[in-house]
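Working notes, structure below.
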2 protein chains.
Amino acid sequence: MPGHSSPIGVFDSGVGGLTVLRSLTEAMPAQSFIYLGDTARVPYGSKSPDTVARYSINIAERLIEYGCRALVIACNTASAYALGAVRNAISVPVVGVVEPVSALVARRSKGRVLILGTSGTVRSAAYLRALGRHRSDLEIVQKACPLFVPLAEEGWLHGVVPEQVAATYLSETLEQHRPDSIILGCTHYPLLRQVIAGAVEAAGLDATLYETGPATAGELRAHTDSRRPVPSSRGTVRYLCTDNPDDFVAVGRAFLGDSTITAEHVDIGTSPC
Amino acid sequence: MPGHSSPIGVFDSGVGGLTVLRSLTEAMPAQSFIYLGDTARVPYGSKSPDTVARYSINIAERLIEYGCRALVIACNTASAYALGAVRNAISVPVVGVVEPVSALVARRSKGRVLILGTSGTVRSAAYLRALGRHRSDLEIVQKACPLFVPLAEEGWLHGVVPEQVAATYLSETLEQHRPDSIILGCTHYPLLRQVIAGAVEAAGLDATLYETGPATAGELRAHTDSRRPVPSSRGTVRYLCTDNPDDFVAVGRAFLGDSTITAEHVDIGTSPC
């Protein structure tokens, strides 16, 4: 039975969930984590809900084998399609990224919400449902921004190209919808936060940008042992991925701003039958 | 035994190979084709050579079951890593996209070649090897342009964003290397041909842009029955993909400029074991 010193498992379809992991390690610095990026099967957004659920259960069971005492699904698509299935399949607490930030925004918004995400997340309507469970009076617009992910992975976070991409996606929507709350509903988008904030400012809006990580960290702490004394030592993080670790490490170091991370390959049956 | 009226199979990791298919149907209008996009497992560029070879043999065998009398590997990564393995696995002619255009450029270049491709294609060095087999005196530079693929899939083919992206990737390389021949070594890049040509012009160069499709069509005709009389009727094209056909059709229609295409899902054992 996993104890308090056991790690918490965090998984994502690739490297994006590292932005969520960063929020978790900041909120729970003494806790150890195992991060698993399913880089062999990324992206999840274009796959069917059944496939995403099957992959997610597959990974969750592996993280349980590693002794994890709780799991975080750091992928928006997997949180949308697989949270219930994973909770049914395993016995430790499981937290997704969609619900916690939606609860927070539902509490704080003045009424107008903009959700930015991948095409898959927009199509899943997961944020619409999650916000709707908390409040029925919100006016919500969703906007898919497919180029934000490759921009973030390419490390083009500032300058003319990302600014123009953000303006192309957002200007009209911002001016017409005039949101007070904007959910960065994709794990990659926090890396483009400054550029997105620039587009918001250019539209003359004073909107709050919400990442999924901090709210997810709050729910994770509530589900785990928040009342135990905090150990003085820092927790460790172990990185696993299902494809070439070199690629994972190259992008992961840029995402975390940490040039010391290393990663191990893990085979979780990603080969075709 | 497949006869002259049998289709030719064309496969790619996704939709990109449709630009190659377009060249093939233009060159052989009476020929019927079956196109298979492995959209469930795209992208191949980040996967290991062994995995790409296994996937490619898997698809090639399926296309042979459909009665194909020849195969075209329309994917640069699969052409780089799997051409020999597929030729060993099946008995019909198999043509890749790397060799034919390399032979053409080796014949025509004045000596300075620039290869544009994905990170995977650049890492494979397939074009360096293919050009080197024909000529040893070429000065060759490779440049990965990872954002070109998502730009093409998003349909952002003109205007400030693709122009700035092309300038960022290419200006310095063009000015320093001064190529006379540029290989568009990724199936998506022909869609950005105008923008790439604009960057070449802005650098004051008079370089020729080579797509892989036309040269591949030439090799395919040489390998099949080019001397038989050409039937007067047009051939048909059947589209298959391994994930959601709706997504394939949406991007495929834009790629081919043909709003009438439809696609069928085909299961080729892409589920995890």
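All values below come from the heavy atoms of this structure, side chains included, with hydrogens, waters and symmetry mates left out. Sequence lines set the chain letters: A, B, ... in the order given, protein chains first and strands last, and positions in each chain run from 1.
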Which of A/V161, A/L147, A/T39 touches chain B most, by non-hydrogen pairs under 4.5 Å: A/L147

Inter-residue atom distance B/S48.OG - A/D243.CG, 0.5 Å rounding: 6.5 Å

CD/A/E264: more than 12 non-hydrogen atoms of other groups inside 6.0 Å: yes

Proximity breakdown for A/V42 and chain B, heavy-atom pairs closer than 4.5 Å: backbone

Distance (rounded to the nearest 0.5 Å) between A/S119 OG and B/E154 CD: 6.5 Å

Value rounded to 0.5 Å, distance of CD in B/Q164 from CH2 in A/W156: 9.5 Å

Atom CD of B/E172 with >12 non-hydrogen neighbours under 6.0 angstrom: no

Side-chain ion pair, A/K47 and B/D247, N-O less than 4.0 Å: no

B/V165, part contacting chain A, at a heavy-atom distance under 4.5 Å: both

